[in-house]
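Computed from a prediction, not measured in an experiment: that's the story for all the values here. All values below come from the heavy atoms of this structure, side chains included, with hydrogens, waters and symmetry mates left out.
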Protein chains: 2
Amino acid sequence: MFSIGQLSSQAQVKVPTIRYYEDIGLIDPPHRSEGNQRRYEPDALSRLTFIRHARDLGLSIDAIKDLIVLNANPDMPCKEAHVIANQHLKDLQRKITQLQQLSVELTRITQNCNSDTVGHCKVLEALGDHSSCKTDH
Amino acid sequence: MFSIGQLSSQAQVKVPTIRYYEDIGLIDPPHRSEGNQRRYEPDALSRLTFIRHARDLGLSIDAIKDLIVLNANPDMPCKEAHVIANQHLKDLQRKITQLQQLSVELTRITQNCNSDTVGHCKVLEALGDHSSCKTDH
DNA sequence: GTAATTGCTCTAGTCACTAGAGGTTCAAGT
DNA sequence: ACTTGAACCTCTAGTGACTAGAGCAATTAC
Ligand SMILES: [Zn+2]
Ligand SMILES: [Zn+2]
Ligand SMILES: [Zn+2]
Ligand SMILES: [Zn+2]
């Protein structure tokens, strides 16, 4: 039996976040003490650890909800879990590509100014002008 | 003189976004028609184009606010604009590094399952377990 | 003149939390 | 047993940068 604070430090998830996860139905409401405080069983810790790691990997709460439902049915095919993970990986890689393009443009933009004053600043000029960019964004 | 819709299509910024920018003080409130509709001068277009491009490059509204203030004072030193742009570039590169690490982990995770059922799914296992990860996140 | 489009304000919703107010319960020390 | 202080409770509101929708008014085209 954990208090919410003990669960929090074990799972490395902040106390208000745990209550938030309960509110949105990501974890089950635990039993309460006589004084109405939350008391968790050990399985709440493994559930929360799963959520924590999936969040750290960047999965959305909705995706994690789906994964939790799957996790609860060990006899179901796991293909859907693979689809969720692969989709997230694809999203991630698209995002990386996009940020790399921005990084290229910004590198160019920040190396362009020989002036000292705003009036002739090439950085400010380039920040406002897409025509010298090499990529879309 | 543009209507908000004309400004919107010229600057490629949606109408509600333009009104939002006005609310938060990023653009000046324009004159109004007799019937209380917004009527913009050409300089509103260049301001909005600047904002659009800076946003596309990933700068925050706050950073853009600072840049706009600078832009209005052509005799000031432009060093501060360089600082803002460089800071953003650094943030961007840190973010890219972090996402690349996630991508590496997720690639490993998604290629690990030989099972067909949730009960033995390595993907689900690895999503919940940080101990097999090579990096922090 | 009338109908379609565009405009107006205001409120609330998005995502995943985080902060704070104002109060209650618990655990430890005396 | 009593007191203190930490941890807990609920509820509301705020974050960033918009987006959606309701309910109405103005403009434009035919
Ligand atoms: Zn400069
Ligand atoms: Zn550009
Ligand atoms: Zn599997
Ligand atoms: Zn990990």
Exercise. Considering only heavy atoms, which members of residues 48-60 of chain A lie under 4.0 Å from some atom of DNA chain D?
Worked result: none

Seminar exercise, completed: So side chain to side chain donor-acceptor pair (under 3.5 Å) across residues 78-89 of chain B, not counting sequence neighbours, yields B/Gln87-B/Asp91

For this session: Whole angstrom is fine here: how far is it from CG in A/Asp23 over to P in C/dT18?
Result: 14 Å

Exercise. B/Asp62 and B/Ser60: side-chain donor and acceptor closer than 3.5 Å?
Worked result: no

Exercise. Hey, can you pull the residues of residues 91-105 of chain A with a non-hydrogen atom under 4.0 angstrom from DNA chain D?
Worked result: none

Exercise. Does the pair B/Asp43/B/Arg47 count as a salt bridge with the N-to-O cut at 4.0 Å?
Worked result: no

For this session: May I ask you to verify if any side-chain N or O of A/Ser33 is less than 4.0 angstrom from the OP1 or OP2 atom of C/dC26?
Result: yes

Exercise. Sub-3.5 Å donor-acceptor pair from the side chain of A/Ser8 to the main-chain atoms of A/Val13, do we have one?
Worked result: yes

For this session: Round to the nearest Å and state the distance from A/Ile18 atom CD1 to D/dA7 atom P.
Result: 14 Å

Contacts under 3.5 angstrom, residues 26-42 of chain B side chains, donor-acceptor by atom type, not counting sequence neighbours:
unit_1: B/Arg32; atom_1: NH1; unit_2: B/Asn36; atom_2: O; d: 2.9
unit_1: B/Ser33; atom_1: OG; unit_2: B/Gly35; atom_2: N; d: 3.3
unit_1: B/Ser33; atom_1: OG; unit_2: B/Asn36; atom_2: N; d: 3.4
unit_1: B/Ser33; atom_1: OG; unit_2: B/Gln37; atom_2: N; d: 3.0
unit_1: B/Arg38; atom_1: NE; unit_2: B/Glu22; atom_2: OE1; d: 2.7

Exercise. When the distance from CD1 of B/Ile61 to P of D/dT19 is rounded to whole Å, what number comes out?
Worked result: 11 Å

Problem set entry | Over all atoms of both residues, closest heavy-atom pair of A/Ala11 and A/Thr49 | CB-OG1, 4.5 Å

Exercise. Phosphate oxygens OP1/OP2 of C/dT18: is one of them under 4.0 Å from a side-chain N or O of A/Lys14?
Worked result: yes

For this session: Return no unless some side-chain N or O of A/Tyr21 is found under 4.0 Å from OP1 or OP2 of C/dC17.
Result: yes

Seminar exercise, completed: Heavy-atom contacts, protein to nucleotides 5-14 of chain C, under 4.0 Å, summarised as B (base), S (sugar-phosphate only) or - (none) per nt, yield --SSB-----

Exercise. Does B/Leu57 offer a backbone N or O that forms a donor-acceptor pair with the side chain of A/Glu105 under 3.5 Å?
Worked result: no

For this session: State plainly whether one hydrophobic cluster holds both B/Leu106 and A/Val83, where clusters connect Ile, Leu, Val, Met, Phe, Trp and Tyr through side-chain heavy atoms under 4.5 angstrom apart.
Result: no

Exercise. Could you state the CG-P distance from B/Asp62 to D/dG16, rounded to the nearest angstrom?
Worked result: 7 Å

Exercise. Who pairs with A/Asp66 by side chain to side chain contact (heavy atoms under 4.5 Å, CB included), at least two apart in sequence or on another chain?
Worked result: A/Ile84

Exercise. What is the distance from OH of A/Tyr20 to P of C/dA19, rounded to the nearest Å?
Worked result: 15 Å

Problem set entry | A/Leu99 backbone acceptor or donor facing A/Ser103 side chain under 3.5 Å | no

Seminar exercise, completed: Between CG of A/Leu7 and P of D/dA7 the distance, given in whole Å, is 15 Å

For this session: Using whole Å, report how far NZ of B/Lys65 lies from C1' of D/dA17.
Result: 12 Å

For this session: Would you confirm whether A/Glu125, through its side chain, and A/His120, through its main-chain N or O, come within 3.5 Å as a donor-acceptor pair?
Result: no

